[in-house]
Amino acid sequence: MTPLQPARGTHDLLPEDARRHRFIEDTAFRIAERYGYGEIITPIFEFTDLFTGTLGETSDVVTKEMYTFTDRSGESLTLRPEGTAGVARAFISNSLTTPLKLFYRGPMFRQERPQKGRFRQFHQVGIEFLGLETPLADVEAIAVGWQLLRTLGLGEKVQLQLNSLGDLDSRLAYRHALVEYLSPFRDKLSTESLVRLDKNPLRILDSKSATDQEIVAGAPLMTDSLTPEARDFFDQVMSGLTALGIPFTLNPKLVRGLDYYCHTAFEFTSTALGSQSAVLAGGRYDGLIARMGGARTPGIGWAAGVERLALSSGCEAPQSRPIAIIPMGDQVAALALADRLRTAGLAVDLGFSGNMKKRLSRAAEHKARFAVILGEDEMARGVAAVRDLDATTQEEITLSQLEAYLLHRGTE
RNA sequence: GUGGGUGUAGCUCAGUUGGUUAGAGCGCCAGGUUGUGGUCCUGGAUGUCGCCGGUUCGAACCCGGUCACUCACCCCA
């Protein structure tokens, strides 16, 4: 028998963590809604080809991290490693029309070695804005992310890095220039980067090897290879961000992991996360949907890691405040009272064990707002002591009025 | 996938050069006490010392393997 523990890189979310998790997701959706986004829920697994065809042959996500399996009918299926491919597929499958703003959330799966802020089943929230090619769409999409981070209390802890990958022509030109520059350094580059030189040279830019960085320091800048059109697009994105008061820093070495990105690439990084610093990242992917076989449809989007947001934000998820009922006498009567209050929509914390003090302190731990003490004396007199745990005041209420009283106070 | 660190009670951790029935604090449970926000007192339960194998008269301790966690690389949100 296997040990009773969760599979590697997966976790149980206990109530306290789950509350934070849901709060982050809900906050993200609430904010996206203000920008006109609607939620889309796509399947957690898709045909394997969807991912191999769209994410890029060179990405590790495809080549060695996917949870791929064959079902009983012999179909190759894959647990989604990210959200955009599924949303794009849904856009085509359902013949949706643009402009379209879609929000998604849910689990993603990658078989990586777990570490801080990185898990095999992790959760993302994300948005996709389809159909507009204007740089203002990029600005607005980034604004959604910025609002989210600020709302979660991360405004000060996070930095927006911005770059442009340019259009296809710009990209090819730059790739060429970069390879040309790097080739003379072949014997000095790290072995990883040597592989990347052929496979995905842009990746060398964000290599963490010190010697690579020295070499890269003198490399031509991506922004210098932009076509005039791409340059203009990027300028408009920057001026838009400035107009909205969103601070950013240019990072000409910022690269996107997945193949389908062009033009705007951005990444909000947090210092609270060790080496997994990207907390919300995305970019423009004008070629993706056409490449999948749909009509040519530009798009911009981002995804944020819920666990990473939870790790770096100190935000407190609001908690419901129950009414604590402390029956010292007739417990059946207390149970009935609690049930009536619950039917009326109030949260009630009913404890049967421990002495008065213990129950009161437990009520405080559970963030109860009121404690209703049903002592034998009081019940004999037909009253209950209602203690306001915030104000530490207390008054006696007759049992017949108790329900109305709590309903009134509990919703004020 | 590669490298480092760590695995002892629910949690945080002690545990001497290998030596009897493996400990503490906190938490938990029961009872008592104090009627009004963590009190105090008494009592109690809980461990295959991560797992498997080896060395040894004897292993929580030494060795090998394995699993898990963790940090970094790779990659990525």
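The model shown is predicted, which means the values in this text are computed figures rather than measured ones.
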Give A:Gly9 one of three labels, base, sugar-phosphate or nothing, depending on what nucleic acid heavy atoms sit under 4.0 Å from its own.
sugar-phosphate

Less than 4.0 Å between a side-chain N and a carboxylate O, is that true for A:Arg89 and A:Glu46?
yes

Closest of B:U70, B:G35, B:C74 to the A:Ile373 side chain is B:G35

For A:Trp302 and B:A77, are the ring centres under 5.5 Å apart with planes inclined under 30°?
no

Atom CG of A:Leu374 and atom C1' of B:G35 are separated, to the nearest Å, by 14 Å

Answer yes or no: are there more than 12 heavy-atom neighbours, outside A:Phe47 itself, under 6.0 Å from its atom CZ?
no

Quick one, A:Tyr405 and A:Arg409 - any side-chain contact, counting heavy atoms below 4.5 Å?
yes

Between B:C73 and A:Arg113, counting only base atoms on the nucleotide and side-chain atoms on the residue, is there a donor-acceptor pair under 3.5 Å?
no

For the residue pair A:Phe266 and A:Phe268, categorise the inter-ring angle as parallel (less than 30°), tilted (30 to 60°) or perpendicular (more than 60°).
perpendicular

CG of A:Leu311 versus P of B:A77: gap in Å, rounded?
17 Å

Given the C1' atoms of B:U39 and B:U34, what is the spacing between them in whole Å?
7 Å

A:Ala281 has a side chain; which of B:C69, B:C71, B:A77 sits nearest to it?
B:A77

Of the listed B:C71, B:U70, B:A77, the closest approach to the A:Ala278 side chain comes from B:A77

Under the salt bridge (Lys or Arg N to Asp or Glu O under 4.0 Å) rule, what pairs show up with a residue in residues 277-290 of chain A, not counting sequence neighbours?
A:Asp138-A:Arg284, A:Arg284-A:Asp286

Using the C1' atom as the reference point in each nucleotide, state the distance between B:A30 and B:U36 in Å, no decimals.
24 Å

Of A:Ala7 and A:Ala303, whose closest RNA chain B nucleotide lies nearer the 5' terminus?
A:Ala7

Assign A:Glu267 to base, sugar-phosphate, or nothing according to its heavy-atom contacts below 4.0 angstrom with the strands shown.
nothing

Per nearest nucleotide of RNA chain B, the residue lying toward the 5' end, A:Pro114 or A:Glu307, is A:Pro114

Which nucleotide in the set B:U36, B:A68, B:A77 lies at the smallest distance from any side-chain heavy atom of A:Arg8?
B:A68

Test your reading of the model: is there a side-chain donor-acceptor pair from A:Ser164 to the backbone of A:Gly166, 3.5 Å cut-off?
yes

Look at the side chain of A:Gln394 and the base of B:U36, then say whether one donor and one acceptor between them are separated by less than 3.5 Å.
yes

I'd like the P distance from B:A9 over to B:A22, given in whole Å.
14 Å

From A:Glu128, A:Glu33, A:Glu140, residue fulfilling side chain to side chain donor-acceptor pair (under 3.5 Å) relative to A:Lys101:
A:Glu140

Checking contacts here: which listed nucleotide (B:C71, B:U36, B:U70) is nearest the side-chain heavy atoms of A:Lys116?
B:C71

The criterion is side-chain contact (heavy atoms from CB on, under 4.5 Å); which residues satisfy it with A:Ile41, sequence neighbours excluded?
A:Glu39

In whole angstrom, what separates A:Arg308's CZ from B:A77's C1'?
5 Å

Starting from C1' on B:C11, measure out to CD on A:Glu16 and report it in whole angstrom.
14 Å

From CZ of A:Arg110 across to P of B:C75 the rounded distance in Å is 13 Å

Starting at atom CG of A:Leu202, determine the distance to atom P of B:C75, rounded to an integer number of angstrom.
13 Å

Euclidean distance, atom CG of residue A:Leu14 to atom C1' of B:C11 [Å, nearest integer]
13 Å

A:Gln115 CD to B:G3 P: how many Å, rounded?
15 Å

Requiring both pairing distances under 3.5 angstrom, list the stems that contain RNA chain B and are made of three or more consecutive Watson-Crick or G-U pairs.
B:1-7 with B:67-73, B:10-13 with B:23-26, B:28-32 with B:40-44, B:50-54 with B:62-66

